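One structure is given below, encoded as structure tokens.
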Amino acid sequence: MDVRRLELLLALSRLGSMHAVAETLNVTTSTVSQQIAALAKEVGTPLLEPAGRRVRLTPAGRRLAGHAVHVLAAHEAARADLDPSAAPAGTVRVAAFHTVIRDSLLPVVHRLAVEHPAVRLEIQEQEPPDARAMLERDLVDLAIGYDYNLAPAPIDPSLEVGHLWQSTWSLAVPSRSRRTPGTSAEVLGAFADRDWIVNSRNNADEQVVRTIAALAGYEPRVTQRADSLQLVSEMIIAGLGVALLPATYPKTTGISLRRLHTPEPRMRAYTLTRRGHANWPPLALLLSLLQRRTH
């Protein structure tokens, strides 16, 4: 089977239309159609069937797309293995969230400029769901995301995960709020009558809040959404609600952090690459440098 045809079939299984595949991979729609038709002849069974004005994968097409994930990964690994000693060179496209760009990627940019000038980074700030979608569509080579131990993100088996770091989160409330000792559920239960502030671009922290609140026997009233931790802290000071903030968040006048435990919410940062692609020398170098900074 032709590897390029398998790549087109896999893209069709993910994107849903030949037009989307053509736009993403910069080919014509007729090329996509012809190559998948040729692949069907190679395997001896129909891979597409009509679905109104469009087409969809047959059961055999879906099964072959599943195999294509591993075939393409093995193909990439084999290509990298042919020249493992080559000096890293090329542009690595990265989608990552704000904190990891600031604390991890930017220091690596400076190191690459000095030690590996042939490797460049193109960085986009994206929340984890968007970064993951861009990786699956081959719009970036590396996605850096996060989830929480109390709200784990589903990861497609076609992607490889690398763990970077964890951080504990606390309940942030206005200063002079009443203190309540005990478990996370008991602490949140003391603020059942308060409004909540959650992330406006990713619902992971909201899932954590709802999980702990459910243990306390109530449904949190989410009324505010903001993407910046700085803005979240200012909204707390303004009396608009309470929120989760990192336990290491700088001391801020007007805010008190309350420790949460049993369960303890932890944010987990991780890297995502398409299976088999992490051996590409520039990407392997970047992953190695990121791991060194966090361990």
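Values below: all heavy atoms of this structure, side chains included; hydrogens, waters and symmetry mates excluded. All residue numbers refer to positions in the sequence shown, counting from 1. Bear in mind that the values here come from a model prediction, so they are computed numbers and not experimental data.
Taken from OG in S167 to CZ in R268, the straight-line distance is 11.0 Å, to the nearest 0.5 Å. To the nearest 0.5 Å, atoms CG (L164) and CG (D103) are separated by 12.0 Å. Expressed to the nearest 0.5 Å, how far CG of L287 lies from NE2 of H277 amounts to 12.5 Å. Between atom CG of residue L39 and atom CG of residue L8 there is a gap of 9.0 Å, rounded to the nearest 0.5 Å. For the atom pair OG1 (T168) and CG (L260), the distance works out to 10.0 Å, reported to the nearest 0.5 Å. Here H98 contributes atom NE2 and E125 contributes atom CD; the two are 6.5 Å apart, rounded to the nearest 0.5 Å.
There is no side-chain donor-acceptor pair under 3.5 Å between R93 and T91. If you check the side chains of R14 and S158, you find a donor sitting under 3.5 Å from an acceptor.
Residues L121 and F97 share a hydrophobic cluster, clusters being chains of Ile/Leu/Val/Met/Phe/Trp/Tyr side chains in contact below 4.5 Å.
In summary, of the residues considered (Y148, Y146, Y249), a ring-ring contact (aromatic ring centres under 6.0 Å, His included) with W169 occurs for Y148 alone.
One finds no salt bridge joining D156 and R275 here, because no Lys/Arg side-chain nitrogen approaches an Asp/Glu carboxylate oxygen to under 4.0 Å. A salt bridge does not link R132 to D147: none of the charged side-chain nitrogens sits closer than 4.0 Å to a carboxylate oxygen.
When side chains are defined from C-beta on, E206 counts as touching R225, because their heavy atoms get closer than 4.5 Å.
More than 12 heavy atoms of other residues, nucleotides or ligands shown are found within 6.0 angstrom of CZ on R201. Heavy-atom contacts from other residues, nucleotides or ligands closer than 6.0 Å to CD of E115 number more than 12. Within a 6.0 Å sphere centred on NE2 of H261, other residues, nucleotides and ligands contribute more than 12 heavy atoms.
Both tests hold for R178 against F191: distance to the six-membered ring centre under 6.0 Å, angle to the ring axis within 45°.
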